[in-house]
Every structure is written in C-alpha cells, then in structure tokens.
Visitor: 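One structure is given below, represented as structure tokens, and several questions about it will come after.
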Amino acid sequence: MIPWRRPAGPRGRLRRRFGAAVRLVAALTLVGGLYAAFAPGSPAGAEDAPLSAEAQEGKRLFETSCITCHGRNAQGVPDRGPSLIGVGSAAVEFQVGTGRMPLARQEAQGERKPPLLSIEEARKIGAYIQELGGGPQLPEGEDLHSDGDVARGGELFRINCSSCHAFSAGGGALSSGKSAPGMEEATDRDIYAAMLTGPQNMPVFGDNQLTPQEKKDIIAYVQNLKSDQDPGGWGMGRLGPVPEGLAIFLVGVVALIFTTLWIAGKS
Amino acid sequence: MSNQPAISDRGFDVDDPSLRRFDLVREGARRDGVEIVHYAPRFPVPGTKAEKRVVRSISLLLALSGLAAIGYVVAFVALPFEYEPGRNLAKWYTPILGLSLGGALFLLGIGMIAWAKKLLPEEIAVQERHNGGSPRDEQELTGATTLNLLDETGIRRRPMLKAALLLPALGVGAAAVVSLGGLVRDPHRSEVFFYTGWSPKNNGGKPVRLIRDDGTPVRPQDVSVGGQMTVFPDIPHGTTNEWADSPTLLIHLRQEDADELRGRLKQVPRNAAFNNGTGGLWGNFVAYSKICTHAGCPASLYEQQTNRLLCPCHQSQFLITDNAQPIFGPASRPLPMLPLGVQDGYLIATDDFGIAIGPAFWERP
C-alpha cells in the first residue's frame, strides 16, 4: 500500500476500475480508428477475393518454400528476393519447375537443378501467384512445337536467341559469372515460359514482339536441333570446325608420331 | 670420249661367268660410293612356320585393304547422302566414306611396311661422305654448270624474250595489288564512315522508320519492358549487308533504369542534344548501335537485370544506363545512341547516330 494515498472504500475502488476500463476501450477504439483511417489499404483483390482451391494449396506451398525470400504476400524481401506481384504463373512454373527456385544460395544466377517441388506443385504455386498479382500465363498442353515452322523458327532463333544461347542452343557466357544456359534439358513449356517472362537476365519477348505462333516456331527449331543427330555421332559441343580441327590435329599428330616410330624402329 | 668410269679400272669384268647377280648389285652400289657390308635373308631356311605366319598376316592386311576399297565404292554409290532431320543413315555417309577409303590406304601402307620390315633381307650399307665444304674443283664445276644453264636459255642475247617476261611479271603483280587493294576503302573519302542507313538523306529527308528483319515496322508496344529487338532502317536493302553498319538494338528500359539514364545523358553531350535537347530516348526506349566500338562484332548480348550489353568476341561490356559507356574489356568508346521518336504510331529514328559507328579508323576525329 502506497502510504500517501487515501485508502478508498469498496465502492470508490469499483468505480475507479470501471472508469479505467472505459477509458482503455475508448483509447483503443480511437487508436484503431485512426490507424484504419490513415494506414494504407490492403490491395484490392489480394485478400478480399477468395482464392481458388488450387491457389490455396499453392499458398500453403508458398508459405513453406518461398516465403523466406519473397515475403508473406510475395511482395519481396530486400536483398533476398524480388516481388512476385505481376510475374505470372508462367514465371513460377519456369523457375520452380526447372529447379532454379528455391535457390540453393544467393549467387550470380540460379542454375537448373533437380527440382525440389514437383511440376504439379509448381503449377499450384503458379496459380496462387497468378491470382495474387496477375501476369503472363502459359498456353495449355505439353506439346508446343508440333505446329511450329522449323525454318522460320531458325531465322527467328538466329536473330533473337543465338547471340547468347549460341547457334547450336548450347549456351554461352555472360558477365560476372552469369551465363546463358544451354537448352539440352529444356521442355517446350520451359522455352515458351523463358521467352514470355525473361527469367533472370534474359530479355522479355512478349507476345507483341514474338507472337505465340513465332514462339512455337522457335521451339520447333530448338527441339528439332536437339533431336537431330550429329553427323558421325559426336558433335563435340557443336562448336564448329575450330575445335573439330583441333581434335583431329591432336589425335592425328599423336597417331603419326607413333606410326613413324614403328616404321623407323628396328625390327 | 670414253663412257668407261674411272672406278671400273679395278679389273671388274661384267662378262665374267662366275659372277652371281648379287655380285653385280654389290659392284653397282660400290661404284655409286655405297659399300654393302652386311646382307642376309630374314628367313635363311625357306618355309618355316615363322615365315608362313608373316606371309599370312601381310596377305591379310592387303586383302582387308582391298575389301575396304570395295566398301568405299559400294558406300559411295549405294548409301543415302541427302540431309534428313533426325537419326538416319545419311548422318553416317561421310564418316563411312572416310573410314573405308582411309582404312584401305592405311591397311595398304601398313602391309607394305610390314613386307619391307619382315620379309626383305637385312642389309647394312655404308656410304662415304666428305667432311666440311666441297672441294674447290667441285665448286667450280657446279658453278659452271649453273651458268651454263642460264646461257642455254639464251636470255642474254634475246632481248625480246626478256621484255616478254616482264609482261607476265607486271600483270601478276598488278593482279595481286588490285585484288588486295579492293579491300581497302579510300580513307580520304571518309564521309562514308560518318553516316549510316538511319540518315534521313536516305529517305528523301524524312526520318527513317525502324523495321524488323522481316520488314515490318515497330510499334512501341511491341517491345515489353525488359525486352530488346534488333532493328534495321526502313530503306531499300536496309536489312541486307549493303547497310551492314546500321543494325541497332532497341531496348525498352524499366522506369527507374530509364530515369537513371536520363540523369546521365549530359555526360555524353551528343546524346543529350538529340531531339532538340530532350535527349535520344523516346519514353523508356533507347537504341544503341549494335556494332562494337572495339572490333566491330555485334555487341548484342543484353542482360536485362544488370543493364549491360556484352560483346561476345572480346568480352567488352557496356552499361546501358550510362550512355553505353564501356565498363569492362578492350572497347574504349561508348556505343553510339540512335535518337528515337514516334510517327503515326511507329518508332522512327529522328536523326542519324551523328558519329562514326564501330571501331577506330585512320581519319577518325
């Protein structure tokens, strides 16, 4: 008991406690009301519209696998991961489906690796990101090359893609540890999504620049290139006549040296 | 004049009936200065097992060589050789030709060498060589022979031939000079270096539109943010090698990157002065010459996150948000900027680059 306070009777104590409770409620209401009035409103459609069943499963996967770097609402975390608002389901399917995401570590760029999540799970996360912020989507189906024109695709590949991915689609080096990957393992949907979304340092080739038909032409060319057999069976990376000439020179010179040794040697 | 060489004066008589053929061979070599000191057959007793084995293996090599040669002829005539996509026998046409013909020649050579090494008699022959330079009379004789050769052509007393020889010498020399000289552009007509297909004077004074490789014009909405497109001038043959100095990379920057570039335009006054001082950009679009300022390769490896343009030949890197200034590699000058505008909804070049594109040359200011 604090000595300089006048001891209160049971009635006064009750009234004081009741008054304190009323003041507390009033203050909380005032603060909450002020916050509601001045705080930025939640983005329309992000939380209000109910998510589809697929997107809800995707949200659960997102919260276990992606949230550390991309944030609670896919808004991004500084120095860890970018915002995913507006990247679309195509980008998610590409990044997760090829194993690039989740990243193993922060480095120059994410590399293709055995995927941590199945392609169905990747598509569920894609559905969630799509409903959250919109963005480019892939067409239906796994086969995006059969109705493409290989010859036109070759022209488009050489003018748009070959500077980084090389004429043989084998990939090449970029600056500071980055590189344009080879397309040996890329599926039709991977290539389509890469063109549509411009993953990492790849430029975006939107549908106004390369129409869906032209994208299919390019995919047809790439898949044709991959399924084609190298004359003689070994393309040596399809790097062209210089390494091939070097190889036959080295092999041939060694063979000639041993042949001359055998010819000139004492029998 | 006697044909009898001095060396035969030792009393060797070729008509002596007691001489065997090998004695004649040995004498012939001796007269050429070669002494056969050891000569013995590989297999002194004919018909041994070892000899038969050697004969069999050489025969096998020769037979295989013949088969391979026949295989080459059959493959050349019968196998499909026209390109077909996918896995098929045509992909093996060239390797089969190479293996069969190469194998035939290789086996023939191996067979002959094996014959020489395993079956021909063992022989050691010695040839005398003099030390140091040739004797003086030898030198005199050789010199006289050489001069005699010149006299035989008669060029000294037939001046017409001498003059006639001069003609092909001049002609062949001129052919070499002309064919190589055609590759050199006159450096004193240097104005050709300073304008490209984008100059309005190629289009009757009107600004030149940007087109794709297939000739279609480019609308701003055709290039996504973070996208790029190779564009050519909309003039006759604009997409061909006739205007090989004109290919340009059109880039659609993000808002913040475009703002950064606008803030730095003044560092290259030419870029800031385009479009009456408003700068060479149109909206967030910027266009740079695709020809590297180091050695003229296409510097078109565009990194959309780091905003760099790379040249694949010598790894020069240009920073797009800083007037395409070189930041790495051997290039020392920025890529020239093409001033952009829009007319009737299509992108145009409001002017030429205003500077010589590509690598350095003699008369570059």
Side-chain angles (χ1 to χ4, degrees), chain A residues 82 86 108-109 136 150 152 155-156 158-166 172-176 178-180 195-211 214 220-221 223-235 248 252 255 259-260 262-267, chain B residues 42 83-88 90-96 98-99 106 109-110 113-114 116-118 120 122 212-214 218-230 239 247 249-252 290 297-312 315 317 327-329:
Chain A
Q109 67 181 29
V150 176
R152 176 65 185 147
E155 286 175 17
L156 291 166
R158 284 187 287 275
I159 196 161
N160 289 304
C161 322
S162 65
S163 55
C164 299
H165 291 286
L174 295 175
S175 73
S176 310
K178 300 187 284 295
S179 67
M195 287 189 274
L196 198 58
T197 62
Q200 304 184 27
N201 265 301
M202 177 167 163
V204 183
F205 294 91
D207 280 347
N208 281 335
Q209 182 173 359
L210 293 173
T211 64
E214 288 177 322
Y221 174 73
Q223 301 296 18
N224 180 65
L225 209 59
K226 280 157 58 179
S227 67
D228 204 7
Q229 191 184 10
D230 290 304
W234 186 27
I248 192 58
T259 311
T260 46
W262 177 71
I263 291 173
K266 281 187 181 170
S267 48
Chain B
R42 283 289 158 181
Y83 174 79
E84 285 286 332
R87 301 191 161 271
N88 48 60
K91 299 286 160 55
W92 294 98
Y93 181 71
T94 318
I96 286 173
L99 286 176
F106 184 74
I110 296 287
I113 290 165
K117 285 169 75 87
K118 305 275 184 184
L120 295 193
E122 290 176 41
R212 297 177 173 88
D213 62 312
D214 59 0
V218 183
R219 293 168 300 168
Q221 60 265 39
D222 289 350
V223 185
S224 313
V225 177
Q228 51 94 42
M229 184 187 282
T230 301
T239 60
L249 203 65
L250 174 70
I251 300 166
H252 192 171
K290 216 172 153 166
C297 290
S300 59
L301 279 66
Y302 167 49
E303 295 182 1
Q304 60 117 336
Q305 298 282 344
T306 43
N307 284 309
R308 289 183 197 179
L309 280 176
L310 274 64
C311 181
Q315 284 72 49
Q317 296 175 15
I327 53 172
F328 182 87

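Letters A, B, ... are given to chains in the order of the sequence lines, protein chains preceding strands, and every chain is numbered from 1.
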Visitor: Chain A heavy atoms under 4.5 Å from B:Arg87: which part of the residue, side chain, backbone, both or neither?
Guide: both
Visitor: Heavy-atom pairs under 4.5 Å with chain A are the metric here; pick the option from B:Asp213, B:Val223, B:Ile110, B:Thr230 that has the most.
Guide: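 Highest number of heavy-atom pairs under 4.5 Å: B:Asp213.
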Visitor: Look up atom CG in A:Leu210 and atom SG in A:Cys161, then write down how far apart they are to the nearest 0.5 Å.
Guide: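 Output value for this atom pair is 7.5 Å.
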Visitor: Taking all heavy atoms of A:Cys164 and all of B:Tyr302, pick out the closest pair and write down the distance.
Guide: SG-N, 4.4 Å
Visitor: Side chain, backbone, both or neither: which part of B:Pro85 has a heavy atom under 4.5 Å from chain A?
Guide: both
Visitor: Please flag which part of A:Ala173 lies under 4.5 Å from any non-hydrogen atom of chain B: side chain, backbone, both or neither.
Guide: backbone
Visitor: A:Ser227 versus chain B, heavy atoms under 4.5 Å apart: side chain, backbone, both or neither?
Guide: backbone
Visitor: Quick check: does any side chain N or O of B:Lys91 sit under 3.5 Å from a backbone N or O of B:Gly86, one acting as donor and the other as acceptor?
Guide: yes
Visitor: By a 4.5 Å heavy-atom criterion (distance strictly below it), what part of B:Leu310 contacts chain A: side chain, backbone, both, or neither?
Guide: side chain
Visitor: Please rank A:Asp207, A:Asn201, A:Asp230 by heavy-atom pairs under 4.5 Å with chain B and give me the top one.
Guide: A:Asn201
Visitor: Would you mind checking which part of A:Arg158 comes under 4.5 Å of any heavy atom in chain B, side chain (CB onward), backbone (N, CA, C, O), both or neither?
Guide: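 Contact with chain B involves no heavy atom of A:Arg158 at all.
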Visitor: Quick one: of A:Ser176, A:Gly172, A:Ala180, A:Ser175, who has the most non-hydrogen atom pairs under 4.5 Å with chain B?
Guide: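 Highest number of heavy-atom pairs under 4.5 Å: A:Ser175.
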Visitor: Using non-hydrogen atoms and a 4.5 Å limit, figure out which bit of B:Thr94 sits close to chain A: side chain, backbone, both or neither.
Guide: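 Answer is neither: B:Thr94 stays 4.5 Å or more from chain A.
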Visitor: Please check: side-chain N/O of B:Gln304 versus main-chain N/O of A:Gln200, any donor-acceptor pairing under 3.5 Å?
Guide: yes
Visitor: Has the side chain of B:Gln317 got a donor or acceptor atom that lies under 3.5 Å from a matching backbone atom of B:Gly329?
Guide: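 No: the side chain of B:Gln317 does not pair with the backbone of B:Gly329.
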Visitor: How far does NZ of A:Lys178 sit from CG of B:Leu301, to the nearest 0.5 angstrom?
Guide: 11.5 Å
Visitor: Can you check whether A:Gly206's main-chain N or O pairs, donor with acceptor, with A:Gln209's side chain at less than 3.5 Å?
Guide: no
Visitor: Sort A:Asn224 into side chain, backbone, both or neither according to what part of it lies under 4.5 angstrom from a heavy atom of chain B.
Guide: side chain
Visitor: Give, as side chain, backbone, both or neither, the part of B:Val218 having an atom under 4.5 angstrom from any heavy atom of chain A.
Guide: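 Neither the backbone nor the side chain of B:Val218 comes within 4.5 Å of chain A.
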Visitor: At what distance, to the nearest 0.5 angstrom, does CG of A:Asp228 lie from OH of B:Tyr83?
Guide: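 Going from the CG atom of A:Asp228 to the OH atom of B:Tyr83 covers 3.5 Å.
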Visitor: For a 4.5 angstrom cut-off between non-hydrogen side-chain atoms, does B:Asp214 reach A:Glu155?
Guide: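 Result no, sub-4.5 Å side-chain heavy-atom pair not found.
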Visitor: Against chain A, work out which of B:Arg219, B:Gln315, B:Met229 has the most heavy-atom pairs shorter than 4.5 Å and name it.
Guide: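 Max contact count across the listed options: B:Met229.
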